[in-house]
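Below: the structure, in structure tokens.
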Amino acid sequence: MITSSNLTKSYGRVPVVRDVSLHCEPGTITGFLGPNGAGKSTTLRMIVGLARPDHGSSTVSGRPFVELPNPTRVVGTLLDPSAMHAGRTGRATLRIAAQVAGVPSDRVAELLELVGLADAGDKRVGGYSLGMRQRLGIAQTLVGQPQVLILDEPANGLDPEGIAWMRGLLRDFADRGGTVLLSSHLLHEVQATVDHLVVISQGSVVASGPLAELLASASLMLRSPDPEALARALASAGIDFRPGPDQTFTVDVLDGRVTPELIARVASEQHVLLTELRQSDSGGLEQLFFTLTAAKAAHSQEAAA
Amino acid sequence: MTSTTMTRPVRSADDHSPGATLAGIPFSRLFRVECGKATDTRASRWLLAAVAALTVGLMLAPLLAPSSIEQTYTSYLSFAAIALSILMPVVSILTLTSEWSQRTVLTTFTQEPRRTRVISAKVLVSLLLAGAAAVFGGMVTAAGLAVAAASGREVEANLNAGVVVGYLLFVLLNVFMGVALGALLHNTAAAIVLSFALPIAFGMLGFALKSVAEWIDTSTTFDWVLNGQWSGHTAQILVSVALWIAIPLAAGVLRTVRREIN
């Protein structure tokens with residue numbers, strides 16, 4: 001379990017993280033999503049005690065991270081796969097982690113096997129690709145058999161096969177009662193992996209909740225063979241819309257105020273034929289993501305003006 | 001073994017049983033880990049090999065130039081001391097800084113958030129390496145003296161406890177200057193450059209200002225330690241130790257504890 005409340009941090013006068021609260025339950029994977037520079041890494045570093053918050057606090061498994069007696073037995077952390085000693089082999093890197101955690105060193109070979117580095121274990125990390133370092137980093141997080149994983153951009157550098165592999169591994173970990181918090185700016189990766197989502201933009205949480213809920217609240221997709229008539233009908237009903245390709249329109253559901261039934265009624269009353277009316281699927285999260293972050297950016301520009 | 005069993009959390013999330021979760025990391029374990037880290041990379045091994053080669057190389061000087069170099073046990077030992085004082089500080093600098101340069105502090109300080117324990121382990125490792133190096137230097141000296149004796153040369157056996165203590169302290173002080181610089185600067189290149197440049201700079205300053213030479217220039221004050229010339233110089237030696245070791249080391253520990261890691 002990870003609980004953070006009101007984490008806030010500035011570097012000098014620049015606010016980096018503002019009032020970020022997170023709650024990650026056992027058995028779930030929480031995606032921490034935001035564009036680069038949104039404050040994700042700083043938040044994760046505050047959770048694990050590498051950076052001090054100006055305000056707010058966090059606990060992992062009920063304790064502040066820095067008070068965990070042997071943290072790697074409770075929480076596996078992968079913050080930066082490039083932060084490994086280039087001169088050590090993958091095996092030596094894991095052996096050190098196992099030694100600190102106090103677990104038998106035969107676990108090292110098992111973990112190298114698990115992450116697909118059995119053949120590269122005796123090569124120096126300096127010769128690893130980013131994807132291999134991510135795999136080694138994942139192995140390192142699992143050394144102490146923790147209940148919690150905190151991963152910063154774990155999909156970076158992984159090929160599609162690697163991403164699928166990691167998704168299965170994390171799902172399995174969560175299904176067995178583990179808690180996972182991972183950050184990403186890769187929307188599709190997050191969408192396929194997480195149960196919960198916390199979206200951050202410019203240091204503040206702009207949306208959070210179960211993935212299904214956040215997706216459901218995004219938008220509807222409509223199609224009509226007579227797009228001009230549909231546009232007139234929507235406009236007369238006061239419904240905002242965005243025309244898309246191939247006679248389609250996208251309509252925001254506005255927290256449930258716009259429903260498929262309402263659209264169908266409007267179309268029926270105006271005698272407009274609808275050939276499609278459904279929840280937007282492709283890039284649903286992407287749209288949510290851009291809507292949220294763009295709105296936030298526009299807002300702050302207004303505030304600055 | 002399947003991935004299923006490998007990734008299983010060892011305890012269920014609401015089982016707060018003591019044992020593995022609650023037991024802290026014993027200091028002896030941290031010390032062993034840091035010992036390994038200080039000696040398991042190619043860079044550190046080359047450096048230690050260079051220390052050995054330099055010590056052996058410098059020992060050739062009193063052997064090959066008997067007319068210009070005093071033929072005494074103490075004189076031979078001082079060549080080992082000087083050899084060790086050149087590169088051993090770099091070994092301890094690496095021990096203290098390489099985790100910052102390689103950014104592995106990110107891992108190390110999440111494995112053990114009590115950072116003073118990690119630094120203490122590293123300082124202790126440096127102490128151990130300094131001791132081992134001093135013993136090695138003693139062995140090289142013994143070998144040098146054996147060669148001198150075998151060649152039928154007369155070498156004055158003027159070794160006593162005071163000389164040995166002076167030798168050990170000299171090696172230790174030089175190593176700890178490296179420790180302190182490394183602990184303070186967190187940057188391998190900067191610490192190494194300064195560890196060579198500062199003694200030269202203060203040595204030159206010492207030519208102009210006698211007080212600098214006697215209170216700050218460690219090539220003067222540590223030489224007194226090596227030669228057992230404490231009388232009349234105790235205060236000066238202690239001031240230079242405070243200035244170059246105690247103060248930067250304390251500041252370095254403080255900086256390490258406070259520094260945010262990106």
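Proteins come first, then strands; the chains are lettered A, B, ... in the order of their sequence lines, and each starts at number 1. Quick note: numbers below take in every heavy atom, side chains included, and nothing from hydrogens, waters or symmetry partners.
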Point to revise | Salt bridge E260(B)-K9(A), side-chain N to carboxylate O under 4.0 Å | key: yes
Practice item. Name the region of E25(A), side chain, backbone, both or neither, that has any atom closer than 4.5 Å to a heavy atom of chain B. Key: neither
Review point. Out of curiosity, H85(A) NE2 to K37(B) NZ, how far, rounded to the nearest 0.5 Å?
Key: 10.0 Å
Point to revise | P71(A) and Q111(B), any side-chain heavy atoms less than 4.5 Å apart | key: no
Check your understanding: With only heavy atoms counted, which part of R95(A) is less than 4.5 Å from chain B, the side chain, the backbone, both or neither?
Key -> neither
Review point. Of all of T141(A), T72(A), V66(A), which one pairs up most often with chain B through heavy atoms under 4.5 Å apart?
Key: V66(A)
Check your understanding: Counting only N and O atoms by type, is there a donor-acceptor contact under 3.5 Å from the side chain of Q102(B) to the main-chain atoms of A86(A)?
Key -> yes
Exercise for review: Quick one: pull up OG1 in T42(A) and CG in N262(B) and give me the separation to the nearest 0.5 Å.
Suggested key: 7.0 Å
Revision key, fill the gap. Separation between CG (L79(A)) and OG1 (T107(B)), nearest 0.5 Å, reads 8.0 Å
Point to revise | Region of R45(A) that comes under 4.5 Å of a non-hydrogen atom in chain B | key: side chain
**Study point:** Flag if over 12 foreign heavy atoms under 6.0 Å of NE2, H55(A)
**Key:** no
Check your understanding: Rounded to the nearest 0.5 Å, how far apart are CG of N70(A) and CD1 of I25(B)?
Key -> 4.0 Å
Check your understanding: Is it true that atom CZ of R255(B) has more than 12 heavy atoms of other residues, nucleotides or ligands lying nearer than 6.0 Å?
Key -> yes
Study note, to complete from the structure: Nearest heavy-atom contact between S82(A) and R103(B) is OG-NH1, 3.4 Å
Review point. Which of the residues Q140(A), M84(A), Q99(A) is involved in the greatest number of heavy-atom pairs with chain B at under 4.5 angstrom?
Key: Q99(A)
Check your understanding: So, do I96(A) and D40(B) sit near enough that their side-chain heavy atoms are less than 4.5 Å apart?
Key -> yes
Review point. Counting heavy-atom pairs under 4.5 Å to chain A, which of E112(B), R259(B), R115(B) comes out on top?
Key: R115(B)
Point to revise | CG (D159(A)) with more than 12 external heavy atoms under 6.0 Å | key: yes
Check your understanding: Between atom OG1 of T110(B) and atom CG of L78(A), what is the distance when rounded to the nearest 0.5 Å?
Key -> 9.5 Å
Practice item. Hey, could you give me the CG/CD1 distance between D80(A) and I261(B), rounded to the nearest 0.5 Å? Key: 12.0 Å
Point to revise | Region of A101(A) in contact with chain B, defined by heavy-atom distances below 4.5 Å | key: backbone
